[in-house]
Amino acid sequence: MRVSVFGATGSIGESTFDLLIRRPDITTVALTGGRNVDRLAQQARALRAQLAVTAYDDCYADLKEALAGSGIEVAAGTEALIAASERPTDWVMSAIVGAAGLAPGFRALAQGATLALANKESLVTAGPLLMQEAARHNARILPVDSEHSAVFQALVGEDVTKVERVIITASGGPFREWSKEKLARATLAQAMIHPNWDMGQRITIDSASMFNKALELIETREYFGFEPAQIEAVIHPQSIVHALVGFRDGALMAHLGAPDMRHAIGYALNWPARAELPVARLDLAQIGSLSFEAPDPERFPALRLAREVMDLRGHAGAAFNAAKEVALDAFIAGQIGFQGMAALVERTVDSLLSDAGLTDPVVALETVTTMDQMARSRAREIVLRMS
Ligand code: NDP
């Protein structure tokens, strides 16, 4: 099998690397990263990749130097990323963070590769298009987000028309028990401490604000095609149950596992087989109890916003995601407070409601890009007024 990894130097990329390094039977075609060129070069040498690509032109010389004498091809820039996704491969890990992950995944599907999709933003911004592209090229998308992998696994051998509801779990993040007043003063350092998962900076903060779960509600709808009313999110502080699928007869099938992304990545890598994976085995007696509670929409408005976006459909997901990315940047830069992120996203999407295009069906990558850019510039204007 030939594989390529997009976003190899990130949290998901490192977990993928950890599985690939144990598999000498797999050929690595391309590895891509951003600014962490030293790590990209190390990975490329270790996996004997054919090609290493940095997304940034100004990192080219460093990457070239780091791979000197290795015989590994080096490239840089957005066009090079796209070209890498067009290299013949059987399996592609999509683990770039943000909307930048959409185009390479799209191209990988066009060459018929199986797309292991960690980049949830692809489905949020261009779900119908991505699913159509997969169908058109007889390519498969396998979910790598732990909740969606869990739903996928709970559905094996089942009749999806008999599904009544899907429940995805959320840890509740570090601010689960914080009051609204305390949340107003939440700092970046506090938002960066996830109770259970070790992840990249952006998704960790999105988990604290529940925007990660908001994206996942939309992702569930786009990938599996369930109606918004069938999709629920529940707080589960232990992060042991990743998702549950409820059937017409009242049965709930749950997926349990240690909070380790190598499980979902390994499942996608070996699918439809199951292979031995280097993940911890659960000791249920030691865990003792599992608890669940309803999310609080007052303190965490992101889930409500996601439902509005699911109702609007069209390009609302692209606007929502772009505004969320600007809000996250503004919070990281100290321009807005923690709760300002939801306020900013809501104001941005509302302000675009009257603009032509927000609810038009997604028909092309170009229209998604246009809405993404429009929402980013609108959100940046609002940040200036807020800060
Ligand atoms: P990280 O921030 O850890 O890694 C992101 C990767 O993308 C890095 O390789 C980074 O390069 C690269 N990158 C960043 N910006 C760009 C860009 N503009 N163009 C090309 N490459 C870029 O993210 P995660 O691994 O945490 O998340 C990746 C995706 O997977 C996200 O969509 C996230 O929502 C999703 N996901 C993550 C989970 C997790 O456990 N981390 C769980 C489920 C889903 P470099 O670091 O070299 O600059």
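Just so you know, ligand 1 is whichever comes first in the structure, and atom 1 is the first atom listed for that ligand.
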Checklist line | Option among Val29, Leu20, Leu47 that satisfies the side chain to side chain contact (heavy atoms under 4.5 Å, CB included) test with Val5 | finding: Leu20
Check: What residue among Gln335, Lys324, Arg202 forms side-chain hydrogen bond (donor to acceptor under 3.5 Å, both in side chains) with Asp329?
Finding: Arg202
Next item on the list: Apply ring pair (Phe, Tyr, Trp, His ring centres under 6.0 Å) to Tyr223 and list each qualifying residue two or more places apart in sequence or on a separate chain.
Entry: none
Note to self: Can you see whether Asn212 engages Lys120 through a side-chain donor-acceptor pair at a distance of less than 3.5 angstrom?
What the structure shows: yes
Item checked: Residue contacts for ligand 1, heavy atom to ligand atom, distance under 4.0 Å -> Gly7, Ala8, Thr9, Gly10, Ser11, Ile12, Gly33, Gly34, Arg35, Asn36, Ala55, Tyr56, Leu81, Ala95, Ile96, Val97, Ala100, Ala118, Asn119, Lys120, Glu121, Asp145, Met199, Gly200, Ile203, Met261
Check: With sequence neighbours left out, what residues match Phe292 under ring pair (Phe, Tyr, Trp, His ring centres under 6.0 Å)?
Finding: His236
Item checked: All ring pair (Phe, Tyr, Trp, His ring centres under 6.0 Å) counterparts of His263, not counting sequence neighbours -> His255
